[in-house]
Peer 1: 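Handing you this structure, nothing more for now.
All residue numbers refer to positions in the sequence shown, counting from 1. In listed order, ligands and their atoms are each counted from 1.
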Amino acid sequence: MKAVLASQNKKKLRELQEILSGFGMEVTLQSQVGVDVEVEETGDTFEENAILKAEAVRDATGLPAISDDSGLVVDALGGAPGVYSARYGGEGLDDTGRWQLLLRNMEGVENRTCRFVSVICCAFPNGDRLLARGECPGVLARGANGEGGFGYDPVFYLPELGRTMAELTPEEKNQISHRGNALRIFQQELERYLNGSHQ
Ligand code: IMP
């Protein structure tokens, strides 16, 4: 199946492409099909935002479109930054500024459990859509470590591995990450869908 990736985040795109091509899917970037859809993420949930993004790109291209809406959910902050992870602290901050702000907001807080969440949506030209959610539990570190990944990876500590997400190789990250988990569920959903009556 050929599908367009709805994301504009280059590092996220690389992770999506790597995993999806391992499934034998032919994935295309928006730029390769001549569209540049930037969707306002107005939903209150990862699911709503993933649907908004996939359907906008599906409508612009007429092709199946795959989106990922993801973020970091911190228990002691009532789930923040959550769907606002990319905008935490406002437009002026970059990835480093955002995790630095998060560490400041968590200073002195003992409960540091958190999780990454990814919701994958595939929107088809006939109006059908598939949704798959993946999570990865962890602990918010007190300082940053590692150069890999992106976003909050340097402060996302994985107790079983004794490393942050940014200290993993791309392959190691894909094996355990929220995005890897969501995409593996998505692969099963897609196979069921394509083998069903919808072909
Ligand atoms: P989205 O583009 O609205 O889905 O925003 C996702 C945001 O969540 C990113 O900009 C990151 O800040 C954060 N995020 C999502 N996935 C990851 C990840 O794998 N590692 C680190 N941060 C992530």
Peer 1: What part of Arg87 sits under 4.0 Å from ligand 1 if we count only heavy atoms: the side chain, the backbone, both or neither?
Peer 2: neither

Peer 1: Which protein non-hydrogen atom lies closest to atom 16 (N) of ligand 1, naming both residue and atom, and how far is it?
Peer 2: Arg179 NH2, 2.8 Å

Peer 1: Heavy atom under 4.0 Å from ligand 1: found in Met165's side chain, backbone, both, or neither?
Peer 2: neither

Peer 1: So which protein heavy atom does atom 15 (C) of ligand 1 come closest to, and at what separation?
Peer 2: Ser70 OG, 3.1 Å

Peer 1: So is Gly149 in contact with ligand 1, going by heavy-atom distances below 4.0 Å?
Peer 2: no

Peer 1: Nearest 0.5 Å, what's the CD-CZ distance between Glu172 and Arg163?
Peer 2: 4.5 Å

Peer 1: So does Glu110 pair up with Arg142, basic N to acidic O under 4.0 Å?
Peer 2: yes

Peer 1: Could you tell me whether the side chain of Asn181 and the main chain of Glu135 form a donor-acceptor pair under 3.5 Å?
Peer 2: yes

Peer 1: May I ask you to identify, for Phe150, whether its side chain, its backbone, both or neither come under 4.0 Å of ligand 1 on a heavy-atom basis?
Peer 2: both

Peer 1: Please lay out, stage by stage, how Tyr193 and Phe124 fare under the test ring-ring contact (aromatic ring centres under 6.0 Å, His included).
Peer 2: CA-CA 11 Å; Tyr193 176 80; Phe124 295 92; 4.4 Å; yes

Peer 1: Could you identify the single nearest non-hydrogen protein atom to atom 10 (O) of ligand 1 and state the distance to 0.1 Å?
Peer 2: Ala86 CB, 3.5 Å

Peer 1: Which atoms of ligand 1 sit under 4.0 Å from any heavy atom of Lys53?
Peer 2: 1 (P), 2 (O), 3 (O), 4 (O)

Peer 1: Any nitrogen or oxygen of Lys12, main chain or side chain, under 3.5 Å from a nitrogen or oxygen of ligand 1?
Peer 2: yes

Peer 1: Could you verify whether a donor N or O on one side chain and an acceptor N or O on the other, from Asn145 and Thr164, lie under 3.5 Å apart?
Peer 2: no

Peer 1: Considering only NZ, NE, NH1 and NH2 on the basic side and carboxylate oxygens on the acidic side, decide whether Glu189 and Arg192 come within less than 4.0 Å.
Peer 2: yes

Peer 1: Tell me, please: is Arg98 in heavy-atom contact with ligand 1, that is, under 4.0 Å?
Peer 2: no

Peer 1: Which ligand 1 atoms, with their elements, are less than 4.0 angstrom from a heavy-atom of Lys173?
Peer 2: 18 (C), 19 (O), 20 (N)

Peer 1: Ligand 1 and Asp153, any nitrogen or oxygen pair closer than 3.5 angstrom?
Peer 2: yes

Peer 1: Short N/O distance, under 3.5 Å, between Glu41 and ligand 1?
Peer 2: yes

Peer 1: I need the single residue from Leu102, Asp95, Leu103 that forms a side chain to side chain contact (heavy atoms under 4.5 Å, CB included) with Tyr152. Which is it?
Peer 2: Leu102

Peer 1: Against ligand 1, does Lys11 come closer than 4.0 Å with any heavy atom?
Peer 2: no

Peer 1: Pull out every atom of ligand 1 sitting under 4.0 Å from any heavy atom of Gly151, numbered as shown with elements.
Peer 2: 21 (C), 22 (N)

Peer 1: To the nearest 0.1 Å, how far is atom 12 (O) of ligand 1 from its closest protein heavy atom, and which atom is that?
Peer 2: Tyr152 CE1, 3.1 Å

Peer 1: Within less than 4.0 angstrom of ligand 1, does Asp69 place any heavy atom?
Peer 2: yes

Peer 1: When rounded to the nearest 0.5 angstrom, what distance separates CG in Leu190 from CG in Asn195?
Peer 2: 9.0 Å

Peer 1: First locate atom CG of Leu72, then atom CH2 of Trp99, and finally report the distance between them rounded to the nearest 0.5 Å.
Peer 2: 13.5 Å

Peer 1: For Val57, run the side chain to side chain contact (heavy atoms under 4.5 Å, CB included) check against Asp36, Leu5, Val37 and tell me which one passes.
Peer 2: Val37

Peer 1: Could you check whether Ser7 and Asp68, counting side-chain N and O atoms only, form a donor-acceptor pair closer than 3.5 Å?
Peer 2: no

